Amino acid sequence: MTTIQQVLAERFDRALAKVYGPELAGADPLLRRSDHADFQSNIALSLKKRTGDNPRDGAAKIAQALDSADLCDRVEVSGPGFINLHLKASFVADVVGQLGADPRLGVALAARPETVVIDYSSPNIAKELHAGHLRSTVIGDALARTLEAVGHRVVRQNHLGDWGTPFGMLIEHLLDLGEGVGDKGVADLNEFYRAAREKFDGSPDFAERARRRVVLLQGGDAPTLELWQRLVDESKRTFRAVYDRLGITMRDGDAAGESLFNSRLEPTVRELTDKGLAVESEGAICVFPPGFKGKEGKPVPLIIRKQDGGYGYATTDLAAIRYRLHDLGATRVIYVVGAPQAQHLTMVYKTAELAGWLVPPARAEHVAFGSVLGEDGKMLKSRTGESVKLMELLQEGDDRALALVREKNAERGEGDEPLSEGELAAAAHAVAIAAIKYADLSADRVKDYVFSWARMLATIGNTGPYLQYAHARNRSILRKAAAQGLSLEAAHITVEAPEERALALALLSFGGAVHDVVASLEPHRLCTYLYDLASTYSTFYAKCPVLKAEPAARASRLALVALTARVLAQGLGLLGIEAPERM
RNA sequence: GCGACACUAGCUCAGUUGGAUAGAGCGUCGGCCUCCGAAGCCGAAGGUCGCAGGUUCGAAUCCUGCGUGUCGCGCCA
């Protein structure tokens, strides 16, 4: 389908060619939604330097030359040189009609589909997912869904912490516990890890065994690998349980943990050394990407082989980015990782560039995010000062949401069948997930945010439940219409009332909002859009009766309602949030 | 010491990449259910966009300096 902006932009091209000649025809008309009209063009202001015209005169010339009789009721120059466009209702109606017929709801496919690798979630083996993993998991998943929706090939990568020195103590602890560990000993992973750590710190004997075990593991000793595999499998099982419950699309097959790169570490170091990028320094082998200065102005190293000959995370990260670019064929590599790692990641990219792995159009991007804070303004912790397990967080969400849904269900009016116990539980779960995810996604991700059940579960304001409510209320009308035998298909849409026009224009902005997220990797832009759509719809809902309207208006409004339901459900879906029929 | 990020209404946050009178929500105050789900809608009050310079027709947005806070800066990830 064509968008309003496309149609207008084409007319501006022609007008610019007419006024200033073909060389300016391609200039961006800078079309924006406006408080003073439906759209405004800022083109005349931006052209001042190129044409010499003062913006008001230029705007007048362009407006005069603009062939817009079929699109606009009025085109006027205003302020310092804005061109205000008041669209004809018939034009808006025509385009929103096309939107209704478009299965993609105006979300254009990417002109150039890419292979995009998204590194997100990335928990550690033998530790449970906790609140610290929430943001990466939720944001990464929303981005994965959104990029897929515009036609990119998305490769999820769960960069599990499944290798390295901690596994010495974990395996020895597993051996100490003996048989039957699969069903009991590892069940509480946090406790398992804590106990292993305690022994490691407390017993030199145990610590020595652990160190020897690490050597066996890295040497590929079969019995050791078997034990390691048991830990990995058990951990993955708990990850899967959390992902399922939270509605995360990461699957077992997406696991690409540190162990995957074990065999590539030595070749990676060799390649970097051969290329002259890595040098010996203080007994270690390091890359010093230019432009990074630390204490006392000394260059900051990426240590790719430690003094003791071992490899650290820098080597793994380099092997991983090489794998993603070369083996997976990515042209876009996205890291959904906390903001504190910004410098480290930049150094990795720089090194990958110098090594000739990361070359345009391929690029690597850090989707940085801030911390989840408790109500005390510090990092979210449980009462006992430990990290909050995601599973427990999700349970609390379900409990709180169930109380909320139950309370609202009791207030239901006549003719509105109460929800069954099963429906209540399902709705509560959907609401809880919406609350948690939306709170995480709706603000600029680089800032910290305070985790507050009261705020995220609020039924008014910019929250997940508010959007779900708008959708559910909307679906209620459609159910009633269907029960009356009214058709939602192929209705001729008209936009007469201002609320209808506002709703139509809001619906038409969906594709743009989705592509904003694709470009910026900032899901909150879609949230802001959806909240605006839901608000606009709520106003329409209050002012424009649907089922009680005259047949022609009723059919048109029903089509708008149906379209709104689709956009809300689709938009929430891109964020990983369900839109229940009833709640 | 060097660097990154943040700072917008009492609180929580937007601000379409330099455009018109800086917008929402919460909270406060005041209206709206004989009418499609009031988990809603409408209205009011509320601002030195951290501070100071600069760039230009125009700056919350770009540049410089400063302040406050958070986080990094060699063998953890």
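Since the structure is predicted, the reported quantities are computational estimates derived from the model, not experimental observations. Letters A, B, ... are given to chains in the order of the sequence lines, protein chains preceding strands, and every chain is numbered from 1. What you see below is based on every heavy atom in this structure, not just the backbone, and it leaves out hydrogens, waters and symmetry mates.
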**Student:** It should be established whether A:Lys48 places a side-chain nitrogen or oxygen under 4.0 Å from OP1 or OP2 of nucleotide B:U56.
**Tutor:** no
**Student:** Of the nucleotides B:A20, B:G37, B:C42, which one has an atom closest to the side chain of A:Lys543?
**Tutor:** B:C42
**Student:** Nucleotide by nucleotide, 5' to 3', does protein get under 4.0 Å of the base (B), only the sugar-phosphate (S), or neither (-) in nucleotides 71-77 of chain B, counting heavy atoms?
**Tutor:** S-BBBSB
**Student:** More 5' along RNA chain B: A:Ala472 or A:Pro80, using each one's nearest nucleotide?
**Tutor:** A:Pro80
**Student:** With stacking defined as ring centroids separated by under 5.5 Å and planes differing by under 30°, is A:Tyr466 stacked against B:A39?
**Tutor:** no
**Student:** Output all residues satisfying salt bridge (charged side-chain N to carboxylate O under 4.0 Å, His left out) with A:Arg363, sequence neighbours left out; order by chain, then residue number.
**Tutor:** A:Glu114
**Student:** Determine the Euclidean distance between corresponding C1' atoms of B:A44 and B:C49; express it in Å to zero decimal places.
**Tutor:** 23 Å
**Student:** A:Leu45 has a side chain; which of B:C57, B:C41, B:U17 sits nearest to it?
**Tutor:** B:C57
**Student:** Between B:G37, B:A20, B:C41, spot the one nearest the side chain of A:His36, thanks.
**Tutor:** B:A20
**Student:** Counting only distance, no hydrogens or angles, is the base of B:A39 paired donor-acceptor with the side chain of A:Asn409 under 3.5 Å?
**Tutor:** no
**Student:** Counting neighbours of CD on A:Glu578 that are heavy atoms of other residues, nucleotides or ligands and sit closer than 6.0 Å, is the number greater than 12?
**Tutor:** no
**Student:** Among all residues two or more places apart in sequence or in another chain, which pass the ring pair (Phe, Tyr, Trp, His ring centres under 6.0 Å) test with A:Phe261?
**Tutor:** A:His159, A:Tyr323
**Student:** Scan A:Ala368 against the nucleic acid and name what it touches under 4.0 Å (heavy atoms): base, sugar-phosphate only, or nothing.
**Tutor:** nothing
**Student:** Side chain of A:Ser476: nearest nucleotide among B:G37, B:C7, B:C5?
**Tutor:** B:G37
**Student:** Quote, to the nearest angstrom, the P distance that separates B:C7 from B:C13.
**Tutor:** 10 Å
**Student:** Name every donor-acceptor pair, under 3.5 Å, that has one atom in a side chain of residues 294-302 of chain A and the other anywhere in the protein, sequence neighbours excluded.
**Tutor:**
none

**Student:** Grab the two heavy atoms, one from A:Pro580 and one from A:Ala430, that are nearest each other, plus how far apart they are.
**Tutor:** CG-CB, 3.9 Å
**Student:** A:Asp448 near the nucleic acid: base, sugar-phosphate alone, or nothing, with a heavy-atom cut-off under 4.0 Å?
**Tutor:** sugar-phosphate
**Student:** Taking salt bridge (charged side-chain N to carboxylate O under 4.0 Å, His left out) as the test, write out the residues that go with A:Arg74, two or more places apart.
**Tutor:** A:Glu76
**Student:** Does OP1 or OP2 of B:A38 have a side-chain N or O of A:Tyr541 closer than 4.0 Å?
**Tutor:** yes
**Student:** Would you sketch RNA chain B in dot-bracket for me? Only Watson-Crick or G-U wobble pairs with both distances under 3.5 Å count, crossing pairs as [ ], other-strand pairs as |, the rest as dots.
**Tutor:** (((((((..((((.....[...)))).(((((.......))))).....(((((..]....))))))))))))....
**Student:** Between B:U55 and B:A9, how many Å separate the two C1' atoms, rounded to a whole number?
**Tutor:** 29 Å
**Student:** At under 4.0 Å between heavy atoms, which parts of nucleotides 58-63 of chain B does protein reach? Answer with one letter per nucleotide, 5' to 3': B base, S sugar-phosphate only, - none.
**Tutor:** ------
**Student:** Residues in side chain to side chain donor-acceptor pair (under 3.5 Å) with A:Gln6, at least two apart?
**Tutor:** none
**Student:** Could you tell me which residues satisfy ring pair (Phe, Tyr, Trp, His ring centres under 6.0 Å) with A:Phe39, sequence neighbours excluded, listed by chain and number?
**Tutor:** none
**Student:** Using a 6.0 Å cut-off, check whether atom CD of A:Glu280 has over 12 heavy atoms from anything other than its own residue.
**Tutor:** yes
**Student:** How is A:Ser122 classified with respect to the nucleic acid when contacts are heavy atoms under 4.0 Å: base, sugar-phosphate, or nothing?
**Tutor:** nothing
**Student:** Using the P atom on both, measure B:U64 against B:G3 and round to a whole Å.
**Tutor:** 11 Å
**Student:** Would you indicate which nucleotide in B:C5, B:A39, B:C42 comes nearest to any side-chain atom of A:Val446?
**Tutor:** B:C5
**Student:** Using the C1' atoms only, state how far B:A45 lies from B:G27, rounded to an integer number of Å.
**Tutor:** 12 Å
**Student:** By the 4.0 Å heavy-atom rule, please label A:Glu411 as base, sugar-phosphate, or nothing.
**Tutor:** sugar-phosphate
**Student:** Taking C-beta and beyond as the side chain, do A:Phe239 and A:Leu160 meet within less than 4.5 Å on heavy atoms?
**Tutor:** yes
**Student:** Taking only residues two or more places apart in sequence or in another chain, which ones pass ring pair (Phe, Tyr, Trp, His ring centres under 6.0 Å) with A:His86?
**Tutor:** none
**Student:** Please report, rounded to the nearest Å, how far the C1' atom of B:A14 is from the NE2 atom of A:His524.
**Tutor:** 7 Å
**Student:** Output a table of nitrogen or oxygen pairs between the protein and nucleotides 23-30 of chain B separated by less than 3.5 Å.
**Tutor:**
none

**Student:** If the P atom of B:G69 is compared with that of B:U8, how far apart are they to the nearest Å?
**Tutor:** 15 Å
**Student:** So if I take every side-chain heavy atom of A:Arg32 and compare against B:G15, B:C36, B:U16, which nucleotide ends up nearest?
**Tutor:** B:U16
**Student:** Using the P atom in both, what is the distance from B:U68 to B:G31, to the nearest Å?
**Tutor:** 48 Å
**Student:** Under the rule for side chain to side chain donor-acceptor pair (under 3.5 Å), what residues qualify as partners of A:Trp228, not counting sequence neighbours?
**Tutor:** none
**Student:** Tell me if the side-chain of A:Thr528 makes a donor-acceptor pair with the base of B:A14, cut-off 3.5 Å, by modelled atom types.
**Tutor:** no
**Student:** What's the gap between B:A22 and B:G46 when it is taken at their C1' atoms, as a whole Å value?
**Tutor:** 14 Å
